Amino acid sequence: MADLSDSDRALDAFDPWDPGFVADPYPAYAELRARGRVHYFEPTNQWLVPRHADVSALLRDRRLGRTYQHRFTHEDFGRTAPPAEHEPFHVLNDHGMLDLEPPDHTRIRRLVSKAFTPRTVEGLRPYVHKLANELVAGLVADGGGDLLTAVAEPLPVAVIAEMLGIPESDRAPLRPWSADICGMYELNPSQETAAKAVRASVEFTEYLRELIAVRRKEPGDDLISGLIVAYEEGDRLTEQEMISTCVLLLNAGHEATVNATVNGWWALFRNPDQLAALRADRGLLSTAVEELMRYDTPLQLFERWVLDEIEIDGTVIPRGSEVALLFGSANHDPAVFTRPEELDLARQENPHISFSAGIHYCIGAPLARIELAASLGALLDQAPTLRLSAEPERKPNFVIRGLEELLVEL
């Protein structure tokens, strides 16, 4: 078991509300890894797990769960129920498969996975590449602009909206709704953040309820229509689960891709030798996507509840605790990655965990890879002289890591 003073010193550097830490958390992660396998972080009442082997193992450990309510009440688990005014957010969030455990998780994932078969995802490739090329062409025609709003955001939002069957005319609020809802996944969210998430949850739910009613009368070749068929055939999918699943797919289906795109380009601009290598050899594209996901991880932390007592390196973590699995730290663990602080687009051994692992492994990972490669390739092809025009500013968020904007010019 690590000496407590070691853990204390490591935690001095871990401050998820400090702009300096948010700008570059990786040195603090190195301290955490060096000084122990698990650290108790009092401000959030969580156990931080920074090493790759432990994070990977715990993602697969069924003694941990995304929820505890399938086995315990809040009181049984020693937790306080969320405030009543937050109920719309929790109803929406808690019925999505990401925050469910078997058997409910298994049942819903089995239905949704029909839309993410390798054949279906591969069939989307021409649409994704066409859209990526059109978006990049617009950026080039303008002589540059904000890569975030011109390419990174609209591409994955359009793809997942197309899969769900959300009309183009209805897509404008999707990204703002998603951003407000995802604010609740940060550590100790403020009352203002919670109020925005609740409002977005109500509005998004109302919209999808109306869209589901339309699709019942006028079914299409889309995921919502497919879920309605499953519902009407008695496949035990409630309307709330249908709504929560659609919101989850939209949020998870674009949030990581958006941030991986801008984080990735920011990393390339800071490593011009690697950008030059990629421009010279498009054969690096597939390994580049994996390395950019590893190097500056879009989802830095993933939480799990301890359903049954576990032990890490002599530290007993009791039932009712919460562990924070530090994806960003795990992806920079020198025990797994050679020279982890270096960006190496040709890296072959790259078992990053940016898409999680275990039963909650990202169902849309193959589609995200296609989207990232498509936008990266389109920018390399159409904008070979692309460069940064202003130093970007980090979003203040720690858990979901991204930029406020990424201004570029040709």
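Every value quoted in this text rests on a predicted model; they were computed, and no experiment measured them.
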S56 side chain to R60 side chain, donor-acceptor N/O pair below 3.5 angstrom:
yes

Whether over 12 other heavy atoms sit under 6.0 Å from E87 CD:
no

Within the side chain of R215, is there an N or O that forms a donor-acceptor pair under 3.5 Å with the backbone of G165?
yes

Check: N93 main-chain N/O paired with S244 side-chain donor or acceptor under 3.5 Å
no

Is a donor on one side and an acceptor on the other found under 3.5 Å between the side chain of E218 and the backbone of R216?
no

Do Q300 and P16 come close enough that some side-chain heavy atom pair is under 4.5 Å?
no

L275 vs L345 side-chain heavy atoms within contact, under 4.5 Å
no

Side-chain touch L148/L403, heavy atoms, less than 4.5 angstrom:
no

Taking R51 for the side chain and D333 for the main chain, is one N or O donor matched with an acceptor at less than 3.5 Å?
no

Is it the case that the side chain of H52 and the backbone of P351 share a donor-acceptor pair, with hydrogens and angles ignored and the cut-off at 3.5 Å?
yes

Is it the case that more than 12 heavy atoms not belonging to E168 sit under 6.0 Å from its CD atom?
no

Under 3.5 Å donor-acceptor, D180 side chain and A197 backbone
no

Heavy-atom count around N188 CG within 6.0 Å, excluding the residue itself: above 12?
yes

Any donor-acceptor pair under 3.5 Å from E186 side chain to I400 backbone:
yes

Does any N or O in the side chain of D281 come within less than 3.5 Å of the main-chain N or O of A277, such that one atom is a donor and the other an acceptor?
no

Verify the distance criterion only: is there a donor paired with an acceptor across the side chains of Y29 and N331 at less than 3.5 Å?
no

Could you check whether E322 and Y68, counting side-chain N and O atoms only, form a donor-acceptor pair closer than 3.5 Å?
no

Are more than 12 heavy atoms from other residues, nucleotides or ligands located less than 6.0 Å from atom CZ of R62?
yes

Is the number of heavy atoms from other residues, nucleotides or ligands within 6.0 Å of CD (E134) greater than 12?
yes

Decide whether E291 and T287 meet the rule of one side-chain donor and one side-chain acceptor closer than 3.5 Å.
no

From CG (L325) to CD (Q46), nearest 0.5 Å
9.5 Å

Pairwise distance CD(E309) to OG(S321) - rounded to 0.5 angstrom
9.0 Å

Taking the six-membered ring where the residue is Trp, are the ring centres of F302 and H360 under 6.0 Å apart?
no

A23 backbone acceptor or donor facing R401 side chain under 3.5 Å
yes

Establish, yes or no, whether a centroid distance under 6.0 Å links the rings of Y26 and H332.
yes

Just by distance, do the side chain of N271 and the backbone of A267 share a donor-acceptor pair under 3.5 Å?
yes

Between the OG atom in S329 and the CG atom in D54, the distance rounded to the nearest 0.5 Å is 10.5 Å

Lys/Arg cation over aromatic F337: R294, 6.0 Å, 45° cone:
yes

Identify the residue among R110, R66, H70, M97 that makes a side-chain contact (heavy atoms from CB on, under 4.5 Å) with H105.
M97

Please determine, by modelled atom types, if T67 and D99 share a side-chain donor-acceptor pair under 3.5 angstrom.
no

Check whether any side-chain heavy atom of D381 lies under 4.5 Å from a side-chain heavy atom of V136, and answer yes or no.
no

L58 side chain near R304 side chain, heavy-atom distance below 4.5 Å:
no

